[in-house]
Visitor: 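I am attaching a structure below and will ask some questions about it afterwards.
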2 protein chains.
Amino acid sequence: MSGQTPLLGRAILGLLLQQPLSGYDIRRIFTQTPMATFSDSPGAIYPALKRLEADGLVRGRTERSTGLRQRRLFRLTPAGRAKFEHWLTAPVTRDDVVRDTEELMLRFSFMDIGVGEAASVRFLRALQHELQVYIPELNRYLGSHGPEMPRSGRLALESGIRSYEALLQWTRHALTTYGKHQKGGK
Amino acid sequence: MSGQTPLLGRAILGLLLQQPLSGYDIRRIFTQTPMATFSDSPGAIYPALKRLEADGLVRGRTERSTGLRQRRLFRLTPAGRAKFEHWLTAPVTRDDVVRDTEELMLRFSFMDIGVGEAASVRFLRALQHELQVYIPELNRYLGSHGPEMPRSGRLALESGIRSYEALLQWTRHALTTYGKHQKGGK
DNA sequence: AGTATCATGTAAGAGGTTACATGATTTT
DNA sequence: AAAATCATGTAACCTCTTACATGATACT
């Protein structure tokens with residue numbers, strides 16, 4: 001019943017798509033892998049799992065197979081899987097590109113497993129398109145306002161542009177790795 | 001008295017360093033410039049200004065020079081300027097690089113004006129150093145875990161690495177523009 | 001016996017989102 | 001007269017951070 005799951009919830013859903021995990025497992029993933037952009041705070045993770053469970057997206061079961069303290073292993077429910085797939089296949093908007101590339105990349109990272117390689121290719125094409133529109137806009141802004149900006153301000157803007165350009169180059173690289181799946185048509 | 005000002009507060013402080021602005025001016029900046037990563041929501045901006053004022057970092061004065069509705073023009077106080085400079089000169093940590101490059105770039109964008117070009121050069125060197133440590137770590141992770149990851153997951157990680165590499169190249173570019181200020185020493 | 005690791009959770013407070021509310025002036 | 005623009009603000013709700021609390025098992 002709650003609105004849109006926040007990024008942390010999506011990340012957890014994606015991890016659970018691959019295998020059942022406990023809250024503690026998730027914390028370890030967030031401390032020990034490049035998913036370290038997420039907080040490993042128990043005050044974030046356990047309430048997030050609770051919400052996901054209340055929304056019927058995951059279900060946790062207490063296990064004590066090993067002699068350790070009880071741990072609750074969480075699995076995706078069919079509703080959770082559906083909601084996750086819905087997120088993965090949402091269109092790539094300009095707003096996503098401007099405000100939240102991090103979310104876009106998180107989505108993409110789960111895409112092959114979640115909804116298949118054809119969807120990954122569609123995503124890459126859409127992202128490429130948005131970047132090809134947005135980058136020139138940033139360059140026009142730099143051209144008209146750059147001269148009057150302080151040097152570090154101008155450089156910071158250039159850094160942003162370069163980072164979008166790197167992303168655009170990456171989409172091309174990524175598309176070639178999916179090469180044989182690409183269709184010719186518009 | 002409150003803890004650390006959130007990013008939005010810092011951004012506002014930085015804008016006010018350059019000129020006095022109203023809440024509405026700030027909203028327009030966030031909708032019409034590359035600072036669009038910030039929300040232009042009045043529910044974010046007006047409370048933020050209120051907090052900054054309560055903390056003594058800015059002071060707002062009602063003006064009605066033009067015949068329009070009253071507008072409150074905000075200016076930095078000396079305490080606000082001091083706090084802002086303190087933020088600008090904070091060390092660049094590994095955690096900043098992993099979790100919040102956006103904050104780093106926001107800091108840098110105000111650096112010339114806030115604390116001078118020498119500080120900008122120090123910042124760039126420190127950032128360069130952290131990147132030179134972190135990028136190889138990510139590459140090691142990719143080398144050991146990449147083969148077992150789904151294609152889109154691996155590509156997403158590669159995208160992250162490329163984006164850090166682009167940032168590293170940018171630090172070199174930026175340092176050359178400050179060229180004459182660089183010292184030879186260690 | 002003490003410490004590290006595994007493991008789950010809560011409480012208070014801060015700050016953001018969305019939506020609503022208001023009101024003056026300028027343009028059509 | 002209506003709509004657009006300028007302009008400021010509040011209220012409910014949600015989620016995250018920080019800090020605390022608890023407890024079992026394994027290692028030294």
Side-chain angles (χ1 to χ4, degrees), chain A residues 1-13 20-32 35-55 57-58 60-74 95-96 99-100 102-103, chain B residues 1-13 20-32 35-55 57-58 60-74 95-96 99-100 102-103:
Chain A
M1 200 147 286
S2 52
Q4 57 166 58
T5 324
L7 243 211
L8 173 61
R10 319 272 195 189
I12 291 175
L13 255 23
L21 296 168
S22 69
Y24 195 77
D25 292 334
I26 293 167
R27 289 187 66 196
R28 265 187 297 125
I29 289 169
F30 290 167
T31 38
Q32 292 165 12
M35 290 189 87
T37 32
F38 290 99
S39 163
D40 68 331
S41 158
I45 291 168
Y46 291 106
L49 284 167
K50 208 176 180 180
R51 279 193 304 274
L52 291 171
E53 193 164 37
D55 291 346
L57 307 180
V58 307
R61 248 186 238 183
T62 302
E63 311 222 341
R64 42 168 85 247
S65 44
T66 20
L68 296 166
R69 187 186 169 175
Q70 53 154 57
R71 49 187 250 126
R72 300 216 324 137
L73 261 196
F74 289 88
D95 203 68
D96 291 331
R99 297 280 252 309
D100 214 344
E102 208 175 308
E103 190 205 301
Chain B
M1 198 151 284
S2 51
Q4 59 166 56
T5 323
L7 242 212
L8 173 60
R10 319 273 196 189
I12 291 174
L13 255 23
L21 296 167
S22 69
Y24 195 77
D25 292 334
I26 293 167
R27 288 187 67 197
R28 265 187 298 126
I29 290 169
F30 290 166
T31 38
Q32 293 167 10
M35 290 190 86
T37 34
F38 290 98
S39 162
D40 67 332
S41 158
I45 290 169
Y46 291 105
L49 284 166
K50 208 176 179 181
R51 281 194 301 276
L52 291 171
E53 192 164 38
D55 291 347
L57 306 180
V58 307
R61 247 185 240 184
T62 301
E63 312 223 340
R64 42 167 84 246
S65 43
T66 20
L68 297 165
R69 187 185 170 176
Q70 54 155 55
R71 49 188 251 126
R72 300 217 321 137
L73 261 195
F74 289 88
D95 204 69
D96 291 330
R99 296 280 250 312
D100 215 345
E102 208 176 307
E103 190 204 303

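Chain identifiers are assigned alphabetically (A, B, ...) following the order of the sequence lines, protein sequences preceding nucleic acid strands; residue numbering begins at 1 within each chain. Heavy atoms only: backbone and side chains are in, while hydrogens, waters and symmetry mates are out.
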Visitor: Indicate whether OP1 or OP2 belonging to dT10(C) is found under 4.0 Å from a side-chain N or O atom of Lys50(A).
Guide: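 Checking Lys50(A) against dT10(C): at least one side-chain N or O falls below 4.0 Å of OP1 or OP2.
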
Visitor: Indicate every side-chain donor-acceptor pair of residues 39-50 of chain B with a distance under 3.5 Å to a residue at least two apart or in another chain.
Guide:
| from | atom 1 | to | atom 2 | distance (Å) |
| --- | --- | --- | --- | --- |
| Ser39(B) | OG | Ser41(B) | N | 3.0 |
| Ser41(B) | OG | Gly43(B) | N | 3.1 |

Visitor: Applying side-chain contact (heavy atoms from CB on, under 4.5 Å), name anything that partners Asp96(A), two or more places apart in sequence or on another chain.
Guide: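 Thr93(A), Leu104(A), Arg107(A).
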
Visitor: Output yes when at least one side-chain N/O atom of Arg72(B) is less than 4.0 Å from OP1 or OP2 of dC6(D), else no.
Guide: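 Answer no for this pair, as no side-chain N or O of Arg72(B) is under 4.0 Å from OP1 or OP2.
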
Visitor: May I have the distance from Ile45(A) (atom CD1) to dT8(C) (atom P), rounded to whole angstrom?
Guide: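 Those two atoms, CD1 and P, are 10 Å apart.
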
Visitor: Please check the phosphate of dT8(C) (OP1 and OP2 only) for any side-chain N or O of Ser22(A) closer than 4.0 Å.
Guide: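 It does, given that an N or O in the side chain of Ser22(A) lies less than 4.0 Å from OP1 or OP2 of dT8(C).
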
Visitor: Please pick, from dT15(D), dG9(D), dT18(C), the nucleotide with the shortest atom-to-atom distance to any side-chain atom of Pro6(A).
Guide: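 In terms of side-chain proximity for Pro6(A), the closest of dT15(D), dG9(D), dT18(C) is dT15(D).
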
Visitor: Round to a whole Å and report the spacing from CG of Asp40(B) to P of dT5(D).
Guide: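 After rounding, the reported distance stands at 15 Å.
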
Visitor: Can you tell if the side chain of Ile29(B) reaches within under 4.5 Å of the side chain of Phe38(B), non-hydrogen atoms only?
Guide: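 Side chain of Ile29(B) against side chain of Phe38(B), heavy atoms only: no contact under 4.5 Å found.
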
Visitor: Roughly how many Å is it from OH in Tyr46(A) to P in dA19(D), rounded to a whole number?
Guide: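 Distance check: Tyr46(A) OH to dA19(D) P gives 19 Å.
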
Visitor: Please report, rounded to the nearest Å, how far the P atom of dC14(D) is from the CG atom of Leu8(A).
Guide: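 Going from CG in Leu8(A) over to P in dC14(D) covers 16 Å.
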
Visitor: Check ring-ring contact (aromatic ring centres under 6.0 Å, His included) between Tyr24(B) and all other residues, then give those that pass, not counting sequence neighbours.
Guide: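 Expected list: none.
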
Visitor: Taking only residues two or more places apart in sequence or in another chain, which ones pass salt bridge (Lys or Arg N to Asp or Glu O under 4.0 Å) with Arg27(B)?
Guide: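 So Arg27(B) forms no salt bridge (Lys or Arg N to Asp or Glu O under 4.0 Å) with any residue.
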
Visitor: Can you tell me how far C1' of dC13(D) sits from CG of Asp55(A), to the nearest Å?
Guide: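 Taking atom C1' of dC13(D) as the reference, CG of Asp55(A) is at 14 Å.
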
Visitor: Rounded to the nearest angstrom, tell me the gap between atom CD in Glu102(B) and atom P in dG16(C).
Guide: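 For the pair Glu102(B) CD and dG16(C) P, the rounded distance is 13 Å.
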
Visitor: Is Arg10(A) near enough to dT15(D) that one of its side-chain N or O atoms lies under 4.0 angstrom from OP1 or OP2?
Guide: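 Indeed not, no polar side-chain atom of Arg10(A) lies that close.
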
Visitor: Report yes if a side-chain nitrogen or oxygen of Ser39(A) is closer than 4.0 Å to either non-bridging phosphate oxygen (OP1 or OP2) of dT17(D); otherwise report no.
Guide: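 Yes, because at least one side-chain N or O of Ser39(A) sits under 4.0 Å from OP1 or OP2 of dT17(D).
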
Visitor: Can you tell me the distance, in whole Å, between the CZ atom of Arg51(A) and the C1' atom of dT10(C)?
Guide: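 So the two atoms are 14 Å apart, to the nearest Å.
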
Visitor: Check nucleotides 11-13 of chain C against the protein and report each pair of N or O atoms closer than 3.5 Å, with its distance, or say if there are none.
Guide:
none

Visitor: Can you name the salt bridge (Lys or Arg N to Asp or Glu O under 4.0 Å) partners of Glu53(A), sequence neighbours left out?
Guide: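 Partners of Glu53(A) by the salt bridge (Lys or Arg N to Asp or Glu O under 4.0 Å) criterion, ordered by chain and then number, come out as Arg72(A).
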
Visitor: Any residue in residues 23-31 of chain B with a heavy atom nearer than 4.0 angstrom to DNA chain D? Just list them by number, or reply none.
Guide: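 Within this stretch, Gly23(B), Tyr24(B), Arg27(B) sit under 4.0 Å of the strand.
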
Visitor: List the residues meeting side-chain hydrogen bond (donor to acceptor under 3.5 Å, both in side chains) with Glu103(A), not counting sequence neighbours, and say none if there are none.
Guide: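 Partners of Glu103(A) under the side-chain hydrogen bond (donor to acceptor under 3.5 Å, both in side chains) test: Trp87(A).
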
Visitor: In this structure, how many angstroms lie between the P atom of dT15(D) and the CD1 atom of Ile12(A), rounded?
Guide: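 That distance rounds to 12 Å.
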
Visitor: Do the side chains of Asp25(A) and Leu73(A) get nearer than 4.5 Å, heavy atoms only?
Guide: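 In contact.
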
Visitor: State, to 0.1 Å, how close Ala36(B) and Arg99(A) come at their nearest heavy-atom pair, and which atoms those are.
Guide: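 For Ala36(B) and Arg99(A), the tightest heavy-atom pair comes out as O-CD, 3.0 Å.
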
